[in-house]
J.: 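My questions all concern the structure below.
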Amino acid sequence: MRDLQGKLDRAINSYEDRKRREAIAAVETMAREHGFSLNELTGGKTRRAGTVPPKYSNPADPTMTWTGRGRKPRWVQESLERGKSLDDLLI
């Protein structure tokens, strides 16, 4: 009985997923026909591809850089502890 219930649940989910994908594809096609993307019409965010250029570099070793995002590298933390500011490390 549980096996049958599991198969039924999977079949329902599969059907719903397929119908959802078909609906999204249809709406995307209509949006393109009118010169828009679906994200433009729904206010969805688009991801920008690419990398962020480095903003800071280690004065002792200019090959060590940091974009200013995420955790501070050890060399940035050590520089700040020695009294430097982030402005001193700008490229």
Side-chain angles (χ1 to χ4, degrees):
M1 186 68 163
R2 287 186 191 187
D3 186 41
L4 182 59
Q5 182 65 37
K7 287 181 181 179
L8 181 60
D9 288 343
R10 284 191 295 276
I12 290 171
N13 289 338
S14 173
Y15 176 78
E16 289 173 349
D17 289 344
R18 189 176 73 247
K19 292 308 250 179
R20 185 177 298 113
R21 285 192 304 269
E22 289 172 359
I24 289 172
V27 172
E28 285 176 339
T29 300
M30 289 186 75
R32 274 194 302 271
E33 288 174 0
H34 291 280
F36 296 100
S37 73
L38 186 57
N39 281 336
E40 288 175 318
L41 297 176
T42 61
K45 295 183 180 179
T46 57
R47 289 183 55 124
R48 286 183 269 160
T51 59
V52 177
K55 192 172 178 181
Y56 305 99
S57 69
N58 185 350
D61 183 2
T63 62
M64 299 172 76
T65 60
W66 179 48
T67 62
R69 296 182 177 183
R71 285 179 66 176
K72 292 181 182 116
R74 181 171 285 147
W75 60 266
V76 171
Q77 291 175 343
E78 290 171 355
S79 295
L80 294 174
E81 289 169 3
R82 285 191 300 251
K84 290 192 175 200
S85 70
L86 284 178
D87 290 338
D88 297 330
L89 304 176
L90 283 171
I91 294 178

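Quick caveat: nothing in here was measured; it's all calculated off a predicted structure.
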J.: Residues two or more places apart in sequence or in another chain: which of them pass side chain to side chain contact (heavy atoms under 4.5 Å, CB included) with Asp9?
T.: Gln5
J.: Can you sort out the partners of Arg20 under side-chain hydrogen bond (donor to acceptor under 3.5 Å, both in side chains), two or more places apart, ordered by chain and number?
T.: Asp17
J.: Can you tell me how far the OG1 atom of Thr65 sits from the CG atom of Leu89, to the nearest 0.5 Å?
T.: 12.0 Å
J.: To the nearest 0.5 Å, tell me how far Glu28 CD sits from Asn39 CG.
T.: 8.0 Å
J.: Output all residues satisfying ring pair (Phe, Tyr, Trp, His ring centres under 6.0 Å) with Trp66, sequence neighbours left out; order by chain, then residue number.
T.: Tyr56
J.: Measure from the side-chain N and O atoms of Ser79 to the backbone N and O of Trp75, and report whether any donor-acceptor pair falls under 3.5 Å.
T.: yes
J.: Within a 6.0 Å radius of atom CZ on Arg18, are there more than 12 heavy atoms belonging to other residues, nucleotides or ligands?
T.: yes
J.: Do NZ/NE/NH1/NH2 and the carboxylate oxygens of Glu16 and Lys19 come within less than 4.0 Å?
T.: no
J.: Are the side chains of Leu41 and His34 in touch, meaning some heavy atoms are under 4.5 Å apart?
T.: no
J.: With a 4.5 Å cut-off on side-chain heavy atoms, are Asp87 and Leu90 touching?
T.: yes
J.: Taking all atoms of both residues into account, what is the closest heavy-atom pair of Lys72 and Gln77, and its distance?
T.: O-NE2, 3.7 Å
J.: If I compare all heavy atoms of Ala31 with all of Ser37, which pair ends up nearest, and what's the gap?
T.: CB-C, 4.2 Å
